[in-house]
Number of protein chains: 2
Amino acid sequence: MTAVTIACCAPIAREPLSESDAAELAIMLKAVADPIRLRLLSMIGSHAGGEACVCDLTGAFDLTAPTISHHLKTLRTAGLIDGERRGTWVYYRIIPEAVNRLGALFAPLAEPATL
Amino acid sequence: MTAVTIACCAPIAREPLSESDAAELAIMLKAVADPIRLRLLSMIGSHAGGEACVCDLTGAFDLTAPTISHHLKTLRTAGLIDGERRGTWVYYRIIPEAVNRLGALFAPLAEPATL
DNA sequence: GCGCTACTTAGACAAGCTTCGAAACAAGAG
DNA sequence: CTCTTGTTTCGAAGCTTGTCTAAGTAGCGC
């Protein structure tokens with residue numbers, strides 16, 4: 001992603017998305033379009049050191065460990081988080097570029113001083 | 001939403017999302033987590049005047065009118081777009097606050113000098 | 001009124017997603 | 001090696017979603 005965000009509007013409101021871009025972005029959006037995964041992402045991102053081990057995550061939900069693992073895999077497959085094993089535990093961290101890309105899609109929509 | 005975005009990180013990476021916030025945001029995200037709806041949103045937002053009539057939208061897809069209408073309703077129900085009938089045609093426009101909210105969730109993620 | 005066009009709603013079906021339990025797998029401690 | 005902790009994979013039940021056809025509503029022109 002070397003695209004520079006110019007000024008006016010969110011990319012989504014500047015020109016029509018191509019079919020392939022839309023498909024690619026939808027995959028990422030689908031990954032975060034779930035309350036559990038949204039909270040998982042938030043917990044990982046806000047955890048001390050920017051990373052969290054699965055054991056920290058599992059306790060916050062009324063879900064079984066395999067289910068949490070499945071959601072984490074969904075986020076990982078979408079390229080939003082990355083996992084690393086250190087000893088017994090697996091630590092996950094956010095991939096900022098991916099999250100930024102989603103933000104950039106919608107974010108710089110209007111309402112600077114000039115509007 | 002009177003929350004002021006402070007500085008450091010995206011909201012999602014600053015503190016864990018509450019269960020209710022996550023549920024609410026997931027509804028909006030689900031609405032955009034679809035290639036068709038993403039393109040519809042983009043086409044509406046980038047159309048001249050900031051609004052597009054359904055007749056402009058339908059032709060761009062290999063889908064029947066009811067299906068397009070269904071997707072538009074999903075976006076409208078999620079609070080992302082608003083529709084208005086003028087004569088024979090129905091015009092849709094983006095609701096900037098809603099789109100901005102999604103952007104603010106992810107956008108200001110780190111990578112300033114101090115991190 | 002009548003027909004025509006633009007759009008929405010209703011109902012039905014296939015496909016996919018979420019969740020679970022059980023079992024298999026990996027890494028470290030004794 | 002065996003035990004424990006933690007993670008992943010597999011298979012199945014239940015629910016949600018995307019799409020269609022058919023029918024309904026709203027405005028325009030004859």
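The shown structure was predicted, so the numbers you read here are calculated from the model rather than taken from an experiment. In the text below, chain A, chain B and the rest are named by the order of the sequence lines, each starting its count at 1.
The listed nucleotides are C:dC20, D:dC20, D:dT8; the one nearest the side chain of B:T64 is D:dC20. Of the listed nucleotides (C:dT8, C:dC20, D:dT19), C:dC20 has the atom at the smallest distance from the side chain of A:L63. Of the candidate nucleotides D:dT8, C:dT9, C:dT18, C:dT18 has the atom lying nearest to any side-chain atom of A:H70. In this structure, the nucleotide among C:dT18, D:dT19, D:dT21 sitting nearest to the side chain of B:H71 is D:dT19. Closest to the A:R76 side chain, of the nucleotides D:dC20, C:dT8, D:dT8, is D:dT8.
Regarding B:I81, its CD1 atom lies at a distance of 13 Å from the P atom of C:dC7, rounded to whole Å. If you measure from atom CD1 of A:I27 to atom C1' of C:dG16, you get 14 Å, rounded to the nearest angstrom. In this structure, NZ of B:K30 is placed 10 Å from C1' of D:dT17, rounded to the nearest angstrom. Atom-to-atom, CD1 of B:I44 to C1' of C:dC7 comes out at 14 Å; the value is rounded to the nearest Å. For the pair A:Y91 OH and D:dG6 P, the interatomic distance rounds to 11 Å; values are reported in whole Å. One can place CZ of A:F61 at 14 Å from C1' of C:dT18, the figure rounded to the nearest angstrom. What separates CG of A:L72 from P of C:dT19 is a distance of 12 Å, to the nearest Å. Atom P of nucleotide D:dG6 and atom CG of A:L57 are separated by 14 Å, given to the nearest angstrom.
Contact of the A:L102 side chain with the A:V99 side chain is not registered, since no non-hydrogen atoms from C-beta on lie closer than 4.5 Å.
At a threshold of 4.0 angstrom between heavy atoms, the contacts of B:D56 with the nucleic acid are absent. Nucleic acid contact class of A:C53 (heavy atoms, under 4.0 Å, all strands): none.
A:Y91 carries A:R86 over the face of its six-membered ring, with the cationic atom under 6.0 Å from the centre and within 45° of the normal.
If you check the side chains of A:T77 and A:T74, you find no donor sitting under 3.5 Å from an acceptor.
Near DNA chain C, defined here as any heavy-atom distance below 4.0 Å, the residues from residues 82-90 of chain B are B:T88, B:W89, B:V90, listed numerically.
Note on A:Y92: every side-chain N or O is 4.0 Å or more away from OP1 and OP2 of D:dT7. Look at A:S69 and you'll find a side-chain N or O under 4.0 angstrom from OP1 or OP2 of D:dT8. Applying the 4.0 Å criterion to OP1 and OP2 of D:dT9, one finds that A:K73 has a side-chain N or O inside that range.
Residues A:L63 and A:T58 approach most closely at O-CG2, 4.4 Å, considering heavy atoms. Closest approach of B:G79 to B:A98, counting heavy atoms only: O-CB, 3.2 Å.
In this structure, OG in A:S42 is found 7.5 Å from CD1 in A:I94, a value given to the nearest 0.5 Å. Put simply, CE on B:M43 and CZ on B:F61 are 5.0 Å apart, with the number rounded to the nearest 0.5 Å.
A:L40 pairs with exactly one of A:L80, A:L72, A:I81 by the side chain to side chain contact (heavy atoms under 4.5 Å, CB included) rule, that one being A:L72.
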